[in-house]
Number of protein chains: 2
Amino acid sequence: MKAKITLKDIARELEVSISTVSKALKNSEEISRDTKEKVQAFAKLYNYKPNNIAISLKNKRTKNIGVVIPAIVHHFFTTVIRGIEKYANAHGYNVIVCLSEESFDKEVINMEMLANGSIDGFIMSLSSETQQKGDYNHLKEVTEQGIPVVLFDRITNEIDCDKVVIDDQLGAYMATKKLIDQGRRKIALITTDDYLSVSKARTQGYRKALQESDVDINESRILKLSTMEMDEERIQQFFDTNEVDAVLCVNEIFTVYSMRLVQEKGLDIPNDISFIGFTDGKLSRYANPSLTVVAQHGEKMGEISAQMLIDKVESEEEEESFQTKILEPTLVIRNSTIN
Amino acid sequence: MKAKITLKDIARELEVSISTVSKALKNSEEISRDTKEKVQAFAKLYNYKPNNIAISLKNKRTKNIGVVIPAIVHHFFTTVIRGIEKYANAHGYNVIVCLSEESFDKEVINMEMLANGSIDGFIMSLSSETQQKGDYNHLKEVTEQGIPVVLFDRITNEIDCDKVVIDDQLGAYMATKKLIDQGRRKIALITTDDYLSVSKARTQGYRKALQESDVDINESRILKLSTMEMDEERIQQFFDTNEVDAVLCVNEIFTVYSMRLVQEKGLDIPNDISFIGFTDGKLSRYANPSLTVVAQHGEKMGEISAQMLIDKVESEEEEESFQTKILEPTLVIRNSTIN
DNA sequence: TATTAACACGAAACCGTTTTCGTTTGATGC
DNA sequence: GCATCAAACGAAAACGGTTTCGTGTTAATA
């Protein structure tokens, strides 16, 4: 086991000072050709690599980005991470991922852990519990310390920071409109509780589309489920007691599960009933029939988030200007809707 | 913006030395009741939190775990990360995730980045390109530096370190046996190239089951695809030119896509043709029909990996003893097989 | 009264870098 | 022959902690 070699080791071996070694390795003009060559050769030979921790302590920059998200077994968040990773790595940053598992406490603990020097900034999406409580003090503390934060998808207006979202209302509007255009009138919405920022926006888009087309809004056709678990029974019951000819769901799972239920009832998708989901993941692509969805462009969202964060991290200026980037959702037409 | 407060700040403010503050906060017996209370109260008031970087530099431990995996948009890897996160967080560790994207170079770069002090140990699954090249020097270097490594799923025997795998051969064997027991004789295998350790083992299990039951092995019923992309055409062609009554696939995507193909041909699953896949993910659960799979227990695998790594990291002893943990796969019976 | 032990605290080294600010040496100018 | 200057290098502080080893004060003991 050959331990890591340090500047001090090189200095001792070559009988020069640590400063000389440091400068020589950086090709400083201060150091003579001879010495530089000697030092660099020695460093290469023993595979010297500077210690990141020491450098971090010195310049108070870690080159780490903290990502705090509610879950990872969701295709959407997975793609966002991928986008963050992609941009961050290309710019010399590592990504530290922490899962809040939709829990407020875990979110707070994770942030506190990371905020004590481990990271240069946060990219995060709020846990459902946090949005429910409406308690954002942990975010406030972090931003007050001068640590940049980028919120994506599940955001809040209570915190001044950069934000990236897709236009959820527009997405739901487009989807609903599409269903209406195809002659559907009894359009159901399967969503989660309104305290989730995205669900709220999507519900608004749904309502707006119906109103604009003078379709009556039947409240009993709106099903609100928990973010945490799939309540299969309530979905079953919903379809048992409601007559619908189209369904808009706020995620993949709700959609795919609902499709199976109505198929078991003998209904044909998309002829008897149409489906549109959110998130363009594998579930949607490989479902039977394949799913028409509102694509959220998670990877792009991740890239933009990382870019905004790194820009802030690397900008000297203290100017406190925050922007909110709104991405356009895209309707990906497949076989769960007509044509 | 209130900047982070340091020991030095507290010391200056309270007119004591830094050492006194440090000891007082650790409740050292050396310090008087009075001073301790004063210091602790002040620290609480100004929300003092020690700087992780400084501590890392001092004790040469970062409390970070580096995870290097080929991809994240695979349910299996996602669940492993979740398991690692769970165990690691519960033990005060953060998880730094790096994606190799199946690229050898990316894998090497990521490891080098992290090895320079950022992490205490690695948990990783090899990229397909690495397994293809058979070049494990980056792993060797890291282990020689004394950094603990745990390999999971995609492993190699060339490196001495802890390993966690499921018994892939057994998994494929069980699945194939199941199909044979149901009277299937023309069983296809859709897998990836043999250089992937897991694919090789699974192919062996498949062959073993057929041999034991005296079923002829028809090499044309074995389809080897690339790890990177879904070659839809080759799958289509495969089913056009082969007559099969059962299919074993090494991942979810291959299975689900294949099922759709044969369904479009008018075949009934599971009566005309049975399917078994690997990985018990959402795709399998919500496919139509739901998929019988060999469950890989990714989350458990992650937890065990994290446990093995943290044990090594925290053990003083230099004893070089490595173990390989082999998990038993489970056959989850659903509706893509009879009964 | 002199010695000593306990107590409470501070100085300083250390972790591995970077960087500023000397200092030494030899060469040059006048 | 002396001041000046550049070249080449080293000393030391700094980042923010931990920890070892004093050290001064007080009180108890001989």
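Atom set for the values below is all heavy atoms of this structure, side chains included, hydrogens, waters and symmetry mates excluded. In what follows, every chain begins at residue 1, and chains take the letters A, B, ... in the order their sequences are listed. Note that the structure is a prediction, hence the values are computed from the model and not measured.
Taking only distance into account, the side chain of B:Lys23 meets the base of C:dG10 through a donor-acceptor pair shorter than 3.5 Å. Scanning atom types as modelled, one donor and one acceptor separated by under 3.5 angstrom connect the side chain of A:Lys58 and the base of C:dT18. Interface remark: the A:Ser17 side chain does not form any donor-acceptor pair with the D:dA11 base, using a distance-only criterion of under 3.5 Å. The base of C:dT17 has none of its N or O atoms less than 3.5 Å from a complementary donor or acceptor on the side chain of A:Lys26.
With B:Asp120 contributing its side chain and B:Ile65 its backbone, the two residues share no donor-acceptor pair below 3.5 Å.
Heavy atoms of A:Thr6 sit under 4.0 angstrom from primed sugar atoms or phosphate atoms, though from no base atom. Backbone-only contact: B:Lys8 has heavy atoms under 4.0 Å from sugar-phosphate atoms and none from a base. Residue B:Ser56 is classed as having no contact, given no heavy-atom separation below 4.0 Å to the nucleic acid.
In this structure, of C:dC9, D:dT18, D:dC9, it is C:dC9 that holds the atom nearest to the side chain of B:Glu30. Here D:dT18 is the nucleotide among D:dG17, C:dC9, D:dT18 with the atom lying nearest to any side-chain atom of B:Ser22.
In this structure, A:Asn51 and A:Thr6 have side chains that are not in contact, with every pair of non-hydrogen atoms separated by 4.5 Å or more.
If B:Ser19 and B:Asn51 are placed on DNA chain D by their nearest nucleotide, the residue sitting closer to the 5' end is B:Asn51.
Between the C1' atom of D:dG17 and the CG atom of B:Leu7 lies a distance of 6 Å, rounded to the nearest Å.
Classification of A:Arg154 and A:Glu102 as a salt-bridged pair holds, one side-chain N sitting under 4.0 Å from a carboxylate O. The pair B:Glu37-B:Arg33 meets the salt-bridge criterion, since a charged nitrogen lies less than 4.0 angstrom from a carboxylate oxygen.
For the pair B:Ser32 and C:dC9, the criterion of a side-chain N or O lying under 4.0 Å from OP1 or OP2 is met. Of the side-chain N and O atoms in B:Tyr48, none sit less than 4.0 angstrom from OP1 or OP2 of D:dG16.
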